[in-house]
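Written below as structure tokens is the structure these notes are about.
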Number of protein chains: 2
Amino acid sequence: MEYTTKQALAIPALAALLWQTAHAAPAAPAANPPKPTVADVVKASKPAEWRPLDPEHTLYMDLPAGRVVIELAPDFAPAHAANLRALARDRYFDGLAVLRSQDNYVAQWGDPDEKNPRAFKTAKAKLPGEFTVPMANDKHFTLLPDRDGYAAQVGHSNGFPSARDPKTGRAWLAHCYGMVGVGRDVDSDSANGSSLYAVTGHAPRHLDRNITVVGRVVSGMPLLSSLPRGTGALGFYEKPEQRTPIKSVRLAADVPEAERVKLEVMRTDSASFQAVAEAQRNRGGPWTKVPAGYIELCNVTIPVREIGK
Amino acid sequence: MEYTTKQALAIPALAALLWQTAHAAPAAPAANPPKPTVADVVKASKPAEWRPLDPEHTLYMDLPAGRVVIELAPDFAPAHAANLRALARDRYFDGLAVLRSQDNYVAQWGDPDEKNPRAFKTAKAKLPGEFTVPMANDKHFTLLPDRDGYAAQVGHSNGFPSARDPKTGRAWLAHCYGMVGVGRDVDSDSANGSSLYAVTGHAPRHLDRNITVVGRVVSGMPLLSSLPRGTGALGFYEKPEQRTPIKSVRLAADVPEAERVKLEVMRTDSASFQAVAEAQRNRGGPWTKVPAGYIELCNVTIPVREIGK
């Protein structure tokens with residue numbers, strides 16, 4: 001939570017656990033008045049300001065260390081989202097691996113065997129690139145008032161950081177931390193979703209509009225971001241045993257109810273989400289001496305929580 | 001390198017090794033003409049466009065898995081840089097640990113024992129915050145023409161990403177990936193350099209002007225960024241055995257010549273560095289369909305290489 005995050009650098013290790021009580025104590029008069037934090041906003045949010053993940057558009061990638069939950073973005077990449085559902089139902093990814101971890105960039109997974117690549121079943125082998133979509137397809141866009149260097153407009157679309165250009169009438173997903181993209185070759189239509197990556201570093205926004213972004217990791221990012229970096233070219237692992245095996249990738253809808261992760265995402269067109277952005281744009285309280293008065297798209301927290309917790 | 005990075009998402013695992021030869025083959029007519037890449041610019045740069053690290057302002061933090069090299073920024077944090085040199089000479093950090101790894105934020109190290117904190121020798125226990133400095137202190141500023149949301153002006157100062165506000169006449173270092181900051185309590189003068197953090201996620205620029213930034217990790221970031229994330233509050237490790245012990249922190253000048261890492265940094269006021277930024281601002285070649293036409297401060301690569309390699 002940003003509340004704790006903001007304070008984090010102020011807190012010695014053991015004292016961290018005592019922090020909340022310490023904070024409850026009367027503070028000295030602060031130049032910067034207290035303001036609601038992200039944690040405060042989440043706590044005060046209404047149930048209607050959250051939406052559960054749609055099992056038909058949620059993938060579970062199970063790694064030996066745990067589960068990565070990916071929300072698909074059919075509004076922005078309908079063909080790729082459909083192909084990923086097919087690949088999951090074909091159990092295409094089961095037994096494949098995370099092949100690459102490049103520091104401050106991406107972790108990438110897929111088929112390690114280029115000579116004898118795994119055959120497709122029902123999934124399509126070639127898809128048109130879905131780098132941008134008509135703005136009309138993006139029915140949930142909420143503008144972030146803060147300016148952006150990479151796009152005329154940025155904001156959030158139903159839980160995904162996005163951008164748009166009214167001049168061209170196109171919209172696209174932004175390469176923020178945790179976003180999932182589809183590796184491709186030089187040709188725009190050379191991808192099919194069998195090679196995927198998640199952003200693990202500072203947002204590589206130059207990839208926006210150049211590659212299909214198909215979703216976002218809503219849970220389990222540390223399982224990808226803390227992988228050892230590959231020592232080969234581009235962060236590829238040089239030895240097969242350095243790769244992280246993928247136990248399985250399943251569509252949540254195909255997993256028994258009892259084995260699903262029940263998550264809900266704060267609606268990015270809600271009043272509380274606006275308050276989340278403001279809580280990070282201008283932080284209150286005595287620790288912050290100079291509120292930024294601005295927030296960059298990829299710094300906006302998109303709250304996710306377990307339902308009922 | 002960005003050259004490979006840019007291509008990375010286009011390249012299957014095994015083919016990555018064959019990429020250079022593949023690239024040498026005649027390419028189909030490209031809508032986006034080839035342009036020099038960062039690798040090309042580095043290769044064509046002149047020796048005078050590089051500067052070796054100053055051993056008097058370089059710290060080696062040796063962890064069990066390897067060495068983290070930190071360049072200090074005395075122009076922006078003279079008192080803290082001096083105190084870190086004293087702490088290193090006092091061998092203050094030897095045997096302490098990385099206490100915290102919070103996903104998409106920071107890794108932080110210092111003294112795990114809050115009850116019986118390690119005593120200081122020659123280092124000062126309290127320093128004034130050095131959150132900003134007069135612009136006049138920043139003699140090497142090179143403006144990045146691209147606009148920034150957090151500051152009136154951004155650019156690079158002798159190898160460090162920095163920002164400034166002509167209205168206030170103040171300059172400061174920016175919290176980009178790999179930058180090293182000084183943990184503090186609520187009071188601005190509550191820090192001394194005994195608790196440090198490195199940015200391991202998307203740049204938390206809201207910290208700019210709120211905390212002393214004392215340097216930058218120029219080598220060894222993966223040793224910090226790939227650490228397991230702590231499961232406690234703020235990413236602190238819950239069990240002592242989860243912490244990464246610090247073997248030693250030494251000033252390079254105090255390490256025998258033969259044991260030093262010989263690194264040089266591209267001068268950020270050089271023509272080649274301008275070309276590095278342009279190579280990332282507008283990428284050439286057939287893979288890139290839409291050059292960004294922009295680069296965000298923390299996306300600009302600051303080339304570092306081993307001298308003579």
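Proteins come first, then strands; the chains are lettered A, B, ... in the order of their sequence lines, and each starts at number 1.
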*Tell me, for L223(B) versus chain A, whether the close heavy atoms (under 4.5 Å) come from the side chain, the backbone, both or neither.*
neither

*A203(B) backbone acceptor or donor facing N299(A) side chain under 3.5 Å*: yes

*Sort P204(A) into side chain, backbone, both or neither according to what part of it lies under 4.5 angstrom from a heavy atom of chain B.*
backbone

*Taking it one step at a time, do T288(B) and N210(A) satisfy side chain to side chain donor-acceptor pair (under 3.5 Å)?*
CA-CA 6 Å; T288(B) 297; N210(A) 281 296; 5.1 Å; no

*For the residue pair Y150(A) and Y294(B), categorise the inter-ring angle as parallel (less than 30°), tilted (30 to 60°) or perpendicular (more than 60°).*
perpendicular

_Gap separating the CG atom of N104(A) from the OG atom of S225(B), nearest 0.5 angstrom_ = 8.0 Å

*Using a cut-off of under 4.5 Å on heavy-atom pairs, state which of C298(A), G293(A), G201(A), A191(A) scores highest against chain B.*
C298(A)

*Leading residue by heavy atom contact count with chain B [cutoff under 4.5 Å; candidates S190(A), P222(A), G181(A)]*: P222(A)

*Measuring heavy-atom distances to chain A, does P228(B) have an atom under 4.5 Å in its side chain, in its backbone, in both, or in neither?*
backbone

*Just give me the residue among S188(A), C176(A), A65(A) that pairs up with chain B most often, heavy atom to heavy atom, under 4.5 Å.*
S188(A)

*Output the distance between atom CZ (R184(B)) and atom NZ (K289(A)), rounded to the nearest 0.5 Å.*
5.0 Å

*Verdict with supporting geometry, V290(B) and W172(A), side chain to side chain contact (heavy atoms under 4.5 Å, CB included)*: CA-CA 13 Å; V290(B) 183; W172(A) 58 92; over 6 Å; no

_Interatomic spacing from CG in D148(A) to CD in E296(B) - rounded to 0.5 Å_ = 9.0 Å

*Which atoms of F131(B) come close to chain A, meaning under 4.5 Å heavy atom to heavy atom: side chain ones, backbone ones, both, or neither?*
side chain

_Nearest 0.5 angstrom please: R281(B) CZ to H206(A) NE2, how far?_
14.0 Å

_How long is the straight-line distance from OG of S226(A) back to CZ of R229(B), given to the nearest 0.5 Å?_
5.5 Å

*Atom CG in D187(A), atom CH2 in W287(B): separation rounded to 0.5 Å?*
12.5 Å

